[in-house]
There are 2 protein chains.
Amino acid sequence: MNSTSDEIKDDYNFISEALIDIYDQIMRIEESEIRKSRFKDITAKELHLIHTIGLHDRKTTSEVSRVLKLSKGTLTANLNNLEKKGYIIRMINQQDRRIINLGLTSKGRLLYRAHYAFHRQLVESCLKGFDGSNIRKMRQALVNVEKFIDEVSSK
Amino acid sequence: MNSTSDEIKDDYNFISEALIDIYDQIMRIEESEIRKSRFKDITAKELHLIHTIGLHDRKTTSEVSRVLKLSKGTLTANLNNLEKKGYIIRMINQQDRRIINLGLTSKGRLLYRAHYAFHRQLVESCLKGFDGSNIRKMRQALVNVEKFIDEVSSK
DNA sequence: CTAAAATAGTTTGAAATTCAAACTATTTTG
DNA sequence: CAAAATAGTTTGAATTTCAAACTATTTTAG
(Lines give C-alpha, C1' and ligand atoms only; values in the text may rest on other atoms or scores of the structure.)
Protein backbone atom coordinates (compact mmCIF):
# COMPACT_ATOMS: atom_id res chain seq x y z
CA MET A 1 0.00 0.00 0.00
CA ASN A 2 1.16 3.50 -0.79
CA SER A 3 0.54 6.55 1.36
CA THR A 4 1.14 10.21 0.75
CA SER A 5 2.97 12.21 3.38
CA ASP A 6 -0.30 14.05 4.00
CA GLU A 7 -2.13 10.83 4.78
CA ILE A 8 0.63 9.84 7.16
CA LYS A 9 0.52 13.21 8.88
CA ASP A 10 -3.20 12.81 9.28
CA ASP A 11 -2.69 9.34 10.78
CA TYR A 12 -0.12 10.76 13.18
CA ASN A 13 -2.54 13.44 14.29
CA PHE A 14 -5.31 10.92 14.74
CA ILE A 15 -3.08 8.61 16.74
CA SER A 16 -1.81 11.44 18.94
CA GLU A 17 -5.31 12.65 19.73
CA ALA A 18 -6.60 9.15 20.35
CA LEU A 19 -3.77 8.30 22.72
CA ILE A 20 -4.31 11.43 24.77
CA ASP A 21 -7.96 10.58 25.26
CA ILE A 22 -8.07 6.81 25.41
CA TYR A 23 -6.07 6.04 28.46
CA ASP A 24 -8.13 8.11 30.78
CA GLN A 25 -11.19 6.29 29.56
CA ILE A 26 -9.52 2.93 30.08
CA MET A 27 -8.67 3.80 33.66
CA ARG A 28 -12.25 4.83 34.28
CA ILE A 29 -13.77 1.77 32.67
CA GLU A 30 -11.37 -0.47 34.48
CA GLU A 31 -12.54 1.00 37.75
CA SER A 32 -16.22 0.91 36.89
CA GLU A 33 -16.04 -2.69 35.64
CA ILE A 34 -14.23 -3.78 38.77
CA ARG A 35 -16.86 -2.05 40.87
CA LYS A 36 -19.61 -4.01 39.17
CA SER A 37 -17.91 -7.24 40.27
CA ARG A 38 -17.43 -8.54 43.78
CA PHE A 39 -14.65 -5.99 44.27
CA LYS A 40 -16.81 -2.97 44.92
CA ASP A 41 -14.45 -1.26 47.32
CA ILE A 42 -11.52 -0.78 44.94
CA THR A 43 -10.44 2.40 43.15
CA ALA A 44 -8.37 2.60 39.97
CA LYS A 45 -5.36 3.66 42.01
CA GLU A 46 -5.70 0.68 44.29
CA LEU A 47 -6.01 -1.59 41.28
CA HIS A 48 -2.79 -0.17 40.01
CA LEU A 49 -1.10 -0.74 43.35
CA ILE A 50 -2.30 -4.33 43.49
CA HIS A 51 -0.98 -4.87 39.98
CA THR A 52 2.40 -3.51 41.04
CA ILE A 53 2.59 -5.69 44.14
CA GLY A 54 2.03 -8.60 41.78
CA LEU A 55 1.37 -12.27 42.23
CA HIS A 56 4.77 -13.66 43.11
CA ASP A 57 7.28 -10.96 43.75
CA ARG A 58 7.25 -10.25 47.48
CA LYS A 59 8.30 -6.70 46.75
CA THR A 60 9.28 -4.36 49.56
CA THR A 61 7.45 -1.16 50.43
CA SER A 62 10.42 0.87 49.19
CA GLU A 63 10.48 -0.90 45.84
CA VAL A 64 6.81 -0.26 45.29
CA SER A 65 7.02 3.38 46.30
CA ARG A 66 9.94 3.85 43.91
CA VAL A 67 8.11 2.20 41.02
CA LEU A 68 4.89 4.14 41.58
CA LYS A 69 6.69 7.35 42.52
CA LEU A 70 4.71 7.69 45.72
CA SER A 71 6.24 8.94 48.95
CA LYS A 72 6.76 6.28 51.57
CA GLY A 73 4.16 7.87 53.80
CA THR A 74 1.53 7.84 51.09
CA LEU A 75 2.25 4.23 50.31
CA THR A 76 1.97 3.26 53.96
CA ALA A 77 -1.50 4.85 54.02
CA ASN A 78 -2.55 3.04 50.84
CA LEU A 79 -1.26 -0.26 52.13
CA ASN A 80 -3.16 0.21 55.39
CA ASN A 81 -6.37 0.62 53.41
CA LEU A 82 -5.76 -2.43 51.23
CA GLU A 83 -4.77 -4.47 54.26
CA LYS A 84 -7.93 -3.45 56.10
CA LYS A 85 -10.02 -4.45 53.09
CA GLY A 86 -8.27 -7.80 52.93
CA TYR A 87 -6.39 -7.58 49.64
CA ILE A 88 -2.78 -7.57 50.79
CA ILE A 89 -0.60 -8.82 53.61
CA ARG A 90 2.59 -7.45 55.08
CA MET A 91 5.31 -9.95 55.94
CA ILE A 92 8.29 -9.04 58.06
CA ASN A 93 11.44 -10.15 56.29
CA GLN A 94 13.27 -12.49 58.68
CA GLN A 95 16.69 -11.85 57.14
CA ASP A 96 16.37 -8.09 57.69
CA ARG A 97 13.62 -7.17 60.09
CA ARG A 98 13.42 -3.56 58.95
CA ILE A 99 11.99 -4.76 55.65
CA ILE A 100 8.31 -5.47 54.96
CA ASN A 101 7.60 -7.79 52.05
CA LEU A 102 4.24 -7.36 50.40
CA GLY A 103 1.96 -10.06 49.12
CA LEU A 104 -1.58 -10.48 47.86
CA THR A 105 -4.19 -12.43 49.81
CA SER A 106 -6.30 -14.92 47.86
CA LYS A 107 -8.87 -12.14 47.43
CA GLY A 108 -6.08 -9.90 46.16
CA ARG A 109 -4.95 -12.55 43.70
CA LEU A 110 -8.48 -12.95 42.38
CA LEU A 111 -8.65 -9.21 41.81
CA TYR A 112 -5.25 -9.22 40.13
CA ARG A 113 -6.42 -11.89 37.71
CA ALA A 114 -9.70 -10.14 36.99
CA HIS A 115 -7.84 -6.96 36.19
CA TYR A 116 -5.38 -8.77 33.98
CA ALA A 117 -8.20 -10.56 32.17
CA PHE A 118 -9.85 -7.23 31.43
CA HIS A 119 -6.66 -5.94 29.86
CA ARG A 120 -6.21 -9.09 27.82
CA GLN A 121 -9.74 -8.68 26.55
CA LEU A 122 -8.97 -5.10 25.59
CA VAL A 123 -5.79 -6.07 23.78
CA GLU A 124 -7.54 -8.91 21.99
CA SER A 125 -10.33 -6.70 20.79
CA CYS A 126 -7.82 -4.07 19.77
CA LEU A 127 -5.82 -6.53 17.66
CA LYS A 128 -8.78 -8.37 16.21
CA GLY A 129 -8.07 -9.35 12.63
CA PHE A 130 -4.35 -8.61 12.92
CA ASP A 131 -1.92 -11.26 11.71
CA GLY A 132 1.27 -12.28 13.44
CA SER A 133 3.44 -9.72 11.71
CA ASN A 134 1.05 -6.88 12.54
CA ILE A 135 1.02 -7.95 16.17
CA ARG A 136 4.80 -7.98 16.12
CA LYS A 137 4.74 -4.41 14.85
CA MET A 138 2.38 -3.41 17.60
CA ARG A 139 4.71 -4.89 20.13
CA GLN A 140 7.60 -3.04 18.53
CA ALA A 141 5.69 0.23 18.82
CA LEU A 142 5.31 -0.27 22.54
CA VAL A 143 8.97 -1.09 22.93
CA ASN A 144 9.67 2.17 21.11
CA VAL A 145 7.45 4.06 23.53
CA GLU A 146 9.29 2.55 26.46
CA LYS A 147 12.57 3.57 24.89
CA PHE A 148 11.27 7.09 24.31
CA ILE A 149 10.15 7.33 27.93
CA ASP A 150 13.53 6.13 29.16
CA GLU A 151 15.36 8.64 26.99
CA VAL A 152 13.23 11.55 28.07
CA SER A 153 13.37 10.69 31.74
CA SER A 154 17.12 10.13 31.83
CA LYS A 155 18.08 13.27 29.89
CA MET B 1 6.11 -13.90 8.39
CA ASN B 2 4.65 -16.87 10.19
CA SER B 3 3.85 -17.00 13.87
CA THR B 4 2.86 -19.86 16.11
CA SER B 5 -0.09 -19.41 18.41
CA ASP B 6 2.35 -19.53 21.32
CA GLU B 7 4.31 -16.60 19.94
CA ILE B 8 1.13 -14.64 19.48
CA LYS B 9 0.01 -15.43 23.01
CA ASP B 10 3.37 -14.20 24.25
CA ASP B 11 2.99 -10.99 22.24
CA TYR B 12 -0.47 -10.49 23.70
CA ASN B 13 0.88 -10.88 27.20
CA PHE B 14 3.70 -8.50 26.49
CA ILE B 15 1.35 -5.93 25.04
CA SER B 16 -1.08 -6.23 27.95
CA GLU B 17 1.66 -5.79 30.51
CA ALA B 18 3.22 -2.89 28.65
CA LEU B 19 -0.07 -1.05 28.32
CA ILE B 20 -0.81 -1.37 32.02
CA ASP B 21 2.53 0.19 32.91
CA ILE B 22 3.18 2.73 30.19
CA TYR B 23 0.38 5.20 30.72
CA ASP B 24 1.33 6.05 34.24
CA GLN B 25 4.85 6.75 33.08
CA ILE B 26 3.64 8.95 30.24
CA MET B 27 1.55 11.03 32.61
CA ARG B 28 4.52 11.45 34.88
CA ILE B 29 6.92 12.41 32.11
CA GLU B 30 4.42 14.76 30.58
CA GLU B 31 4.17 16.58 33.87
CA SER B 32 7.89 16.64 34.54
CA GLU B 33 8.68 17.87 31.01
CA ILE B 34 6.08 20.61 31.28
CA ARG B 35 7.53 21.65 34.62
CA LYS B 36 10.96 22.07 33.06
CA SER B 37 9.49 24.56 30.60
CA ARG B 38 8.02 27.99 31.30
CA PHE B 39 4.87 26.28 32.63
CA LYS B 40 6.19 25.32 36.03
CA ASP B 41 2.92 25.67 37.88
CA ILE B 42 0.97 23.00 36.01
CA THR B 43 0.14 19.47 37.15
CA ALA B 44 -0.68 16.51 34.92
CA LYS B 45 -4.34 16.84 35.85
CA GLU B 46 -4.40 20.48 34.89
CA LEU B 47 -2.71 19.64 31.60
CA HIS B 48 -5.44 17.16 30.96
CA LEU B 49 -8.11 19.72 31.78
CA ILE B 50 -6.52 22.26 29.45
CA HIS B 51 -6.44 19.67 26.70
CA THR B 52 -10.13 18.97 27.23
CA ILE B 53 -11.09 22.64 27.16
CA GLY B 54 -9.33 22.73 23.82
CA LEU B 55 -8.37 25.47 21.41
CA HIS B 56 -11.62 26.35 19.73
CA ASP B 57 -14.55 24.67 21.36
CA ARG B 58 -15.93 27.10 23.93
CA LYS B 59 -17.16 24.15 25.96
CA THR B 60 -19.37 24.66 28.98
CA THR B 61 -18.44 23.71 32.52
CA SER B 62 -21.04 20.93 32.46
CA GLU B 63 -19.68 19.45 29.26
CA VAL B 64 -16.17 19.37 30.64
CA SER B 65 -17.23 17.86 33.95
CA ARG B 66 -19.17 15.19 32.06
CA VAL B 67 -16.22 14.35 29.79
CA LEU B 68 -13.73 14.21 32.64
CA LYS B 69 -16.19 12.60 35.06
CA LEU B 70 -15.49 15.20 37.72
CA SER B 71 -18.20 16.60 39.97
CA LYS B 72 -19.25 20.14 39.15
CA GLY B 73 -17.83 21.36 42.44
CA THR B 74 -14.45 19.82 41.77
CA LEU B 75 -14.34 21.31 38.32
CA THR B 76 -15.22 24.76 39.65
CA ALA B 77 -12.28 24.49 42.03
CA ASN B 78 -9.92 23.39 39.26
CA LEU B 79 -11.09 26.17 36.98
CA ASN B 80 -10.56 28.73 39.73
CA ASN B 81 -6.95 27.59 40.01
CA LEU B 82 -6.32 27.69 36.26
CA GLU B 83 -8.00 31.07 36.00
CA LYS B 84 -5.86 32.47 38.82
CA LYS B 85 -2.73 31.18 37.08
CA GLY B 86 -3.84 32.78 33.84
CA TYR B 87 -4.44 29.75 31.62
CA ILE B 88 -8.19 29.93 31.08
CA ILE B 89 -11.02 32.42 30.92
CA ARG B 90 -14.70 32.08 31.74
CA MET B 91 -17.15 33.74 29.38
CA ILE B 92 -20.79 34.21 30.28
CA ASN B 93 -22.93 32.94 27.45
CA GLN B 94 -25.15 35.82 26.33
CA GLN B 95 -27.87 33.59 24.91
CA ASP B 96 -28.28 31.77 28.23
CA ARG B 97 -26.70 33.57 31.11
CA ARG B 98 -26.62 30.51 33.38
CA ILE B 99 -23.97 29.03 31.11
CA ILE B 100 -20.24 29.64 31.35
CA ASN B 101 -18.21 29.00 28.21
CA LEU B 102 -14.59 28.13 28.73
CA GLY B 103 -11.63 29.27 26.68
CA LEU B 104 -7.86 29.25 26.83
CA THR B 105 -5.84 32.44 27.22
CA SER B 106 -2.86 32.89 24.91
CA LYS B 107 -0.72 31.36 27.66
CA GLY B 108 -3.19 28.47 27.82
CA ARG B 109 -2.97 27.99 24.06
CA LEU B 110 0.82 27.93 24.20
CA LEU B 111 0.63 25.23 26.84
CA TYR B 112 -1.91 23.29 24.80
CA ARG B 113 0.42 23.31 21.82
CA ALA B 114 3.45 22.33 23.87
CA HIS B 115 1.54 19.38 25.27
CA TYR B 116 0.35 18.35 21.86
CA ALA B 117 3.87 18.62 20.45
CA PHE B 118 5.12 16.31 23.17
CA HIS B 119 2.54 13.72 22.22
CA ARG B 120 3.38 14.05 18.56
CA GLN B 121 7.02 13.45 19.41
CA LEU B 122 6.04 10.37 21.36
CA VAL B 123 3.93 9.02 18.53
CA GLU B 124 6.65 9.73 15.99
CA SER B 125 9.27 7.94 18.02
CA CYS B 126 6.88 5.09 18.62
CA LEU B 127 6.22 4.64 14.88
CA LYS B 128 9.79 5.21 13.75
CA GLY B 129 10.57 2.97 10.81
CA PHE B 130 6.93 2.04 10.22
CA ASP B 131 5.61 2.32 6.68
CA GLY B 132 2.23 3.71 5.69
CA SER B 133 0.42 0.43 5.95
CA ASN B 134 1.81 -0.28 9.40
CA ILE B 135 0.74 3.15 10.54
CA ARG B 136 -2.71 2.48 9.17
CA LYS B 137 -2.84 -0.70 11.22
CA MET B 138 -1.83 1.20 14.30
CA ARG B 139 -4.61 3.62 13.71
CA GLN B 140 -7.02 0.75 13.23
CA ALA B 141 -5.95 -0.72 16.56
CA LEU B 142 -6.83 2.51 18.33
CA VAL B 143 -10.20 2.67 16.60
CA ASN B 144 -10.77 -0.86 17.88
CA VAL B 145 -9.91 0.19 21.41
CA GLU B 146 -12.36 3.06 21.18
CA LYS B 147 -15.03 0.66 19.98
CA PHE B 148 -14.23 -1.71 22.84
CA ILE B 149 -14.48 1.11 25.36
CA ASP B 150 -17.82 2.23 23.93
CA GLU B 151 -19.21 -1.30 24.06
CA VAL B 152 -18.11 -1.90 27.61
CA SER B 153 -19.35 1.45 28.88
CA SER B 154 -22.73 1.24 27.20
CA LYS B 155 -23.50 -2.35 28.21
C1' DC C 1 -48.35 35.94 32.06
C1' DT C 2 -46.53 34.02 35.96
C1' DA C 3 -45.49 30.54 39.52
C1' DA C 4 -43.10 26.14 39.69
C1' DA C 5 -39.74 23.22 37.94
C1' DA C 6 -35.50 22.58 35.78
C1' DT C 7 -30.83 23.77 34.71
C1' DA C 8 -25.91 25.81 35.16
C1' DG C 9 -22.64 26.85 38.03
C1' DT C 10 -20.73 28.11 42.86
C1' DT C 11 -20.18 27.52 47.73
C1' DT C 12 -19.70 24.80 51.71
C1' DG C 13 -18.13 21.35 54.94
C1' DA C 14 -16.44 16.89 55.40
C1' DA C 15 -13.65 13.00 53.90
C1' DA C 16 -9.75 11.27 51.44
C1' DT C 17 -5.16 11.71 49.46
C1' DT C 18 -0.78 13.31 49.34
C1' DC C 19 3.71 15.02 50.92
C1' DA C 20 7.79 16.03 53.65
C1' DA C 21 9.79 15.78 58.03
C1' DA C 22 10.25 13.70 62.38
C1' DC C 23 10.31 9.41 64.46
C1' DT C 24 11.13 4.15 65.69
C1' DA C 25 13.33 -0.05 64.91
C1' DT C 26 16.85 -2.54 62.89
C1' DT C 27 21.16 -3.35 60.39
C1' DT C 28 25.61 -1.95 58.60
C1' DT C 29 29.95 0.40 58.95
C1' DG C 30 34.18 2.04 60.73
C1' DC D 1 30.39 -1.01 70.06
C1' DA D 2 28.96 3.69 68.80
C1' DA D 3 27.61 6.25 64.66
C1' DA D 4 25.59 6.23 60.38
C1' DA D 5 22.48 4.35 57.28
C1' DT D 6 18.22 2.16 55.98
C1' DA D 7 13.09 0.58 56.10
C1' DG D 8 8.95 1.75 57.29
C1' DT D 9 5.42 4.47 60.20
C1' DT D 10 3.47 8.55 62.20
C1' DT D 11 2.33 13.26 62.13
C1' DG D 12 0.45 17.66 60.64
C1' DA D 13 -0.44 20.56 56.88
C1' DA D 14 -1.87 21.32 52.16
C1' DT D 15 -4.61 19.85 48.34
C1' DT D 16 -8.22 17.48 46.07
C1' DT D 17 -12.46 15.57 45.85
C1' DC D 18 -17.39 14.88 46.55
C1' DA D 19 -22.27 15.57 47.53
C1' DA D 20 -25.60 18.67 49.11
C1' DA D 21 -27.23 23.17 49.71
C1' DC D 22 -27.43 27.38 47.45
C1' DT D 23 -27.90 31.39 43.76
C1' DA D 24 -29.07 32.92 39.36
C1' DT D 25 -31.31 32.19 35.23
C1' DT D 26 -34.31 29.94 31.87
C1' DT D 27 -38.05 26.82 30.60
C1' DT D 28 -42.49 24.85 31.28
C1' DA D 29 -47.24 24.34 32.40
C1' DG D 30 -51.40 26.07 34.03
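Protein chains get the first letters and strands the later ones, always in sequence-line order, with residue 1 at the start of each. All of these numbers come straight from a predicted model, not from anything done at the bench.
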Quiz item: For D:dA2, what is the paired nucleotide under Watson-Crick or G-U wobble rules, both distances under 3.5 Å?
Solution: C:dT29
Quick one: [atom1] on [X] to [atom2] on [Y], what's the gap to the nearest 0.5 Å?
{"X": "B:Thr76", "Y": "B:Glu83", "atom1": "OG1", "atom2": "CD", "answer": "10.5 Å"}
{"X": "A:Asn134", "Y": "B:Gln140", "atom1": "CG", "atom2": "CD", "answer": "10.5 Å"}
{"X": "B:Lys72", "Y": "B:Ser65", "atom1": "NZ", "atom2": "OG", "answer": "7.5 Å"}
{"X": "B:Lys137", "Y": "A:Asp11", "atom1": "NZ", "atom2": "CG", "answer": "13.0 Å"}
{"X": "B:Ile26", "Y": "B:Phe118", "atom1": "CD1", "atom2": "CZ", "answer": "7.5 Å"}
{"X": "B:Asp10", "Y": "A:Ile135", "atom1": "CG", "atom2": "CD1", "answer": "11.5 Å"}

Exercise. To the nearest Å, give me how far apart CZ (A:Arg90) and C1' (D:dT10) are.
Key: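 Going from CZ in A:Arg90 over to C1' in D:dT10 covers 12 Å.
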Exercise. Would you kindly give the CD-to-C1' distance between A:Glu46 and C:dT17, to the nearest whole Å?
Key: 11 Å
Exercise. Answer with base, sugar-phosphate or nothing: what part of the nucleic acid does A:Asn81 contact at a heavy-atom distance below 4.0 Å?
Key: sugar-phosphate
Polar atom pairs (N or O), protein with nucleotides 14-16 of chain C, under 3.5 Å:
none

Practice problem: Please work out which of the three classes, parallel, tilted or perpendicular, describes the rings of B:Tyr112 and B:Tyr116, given edges at 30° and 60°. | Solution: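 The arrangement is parallel - the two ring planes meet at less than 30°.
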Self-check item: Any donor-acceptor pair under 3.5 Å from B:Lys59 side chain to B:Thr52 backbone
Solution: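 Looks like yes, one N/O pair under 3.5 Å.
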Quiz item: Under 4.0 Å between a side-chain N/O of A:Lys45 and OP1 or OP2 of C:dT18, yes or no?
Solution: yes
Quiz prompt | Sole candidate of B:Asn78, B:Leu68, B:Ile53 that passes side-chain contact (heavy atoms from CB on, under 4.5 Å) when paired with B:His48 | solution =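 Single pass found, and it is B:Leu68.
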Quiz item: In B/S/- notation, 5' to 3', how is nucleotides 23-30 of chain C contacted by protein heavy atoms closer than 4.0 Å?
Solution: --BBS---
Exercise. Look at the side-chain heavy atoms of Ile, Leu, Val, Met, Phe, Trp and Tyr, link any pair under 4.5 Å apart, and say whether A:Ile99 and A:Leu79 land in one connected group.
Key: no
Self-check item: Interface residues of residues 58-75 of chain B with DNA chain C (non-hydrogen, below 4.0 angstrom)
Solution: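 When residues 58-75 of chain B is checked for heavy atoms under 4.0 Å from DNA chain C, the hits, listed by number, are B:Thr60, B:Thr61, B:Ser62, B:Lys72, B:Gly73.
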Practice problem: Let me know which of A:Lys40, A:Lys84, A:Lys85 forms a salt bridge (charged side-chain N to carboxylate O under 4.0 Å, His left out) with A:Glu46. | Solution: A:Lys85
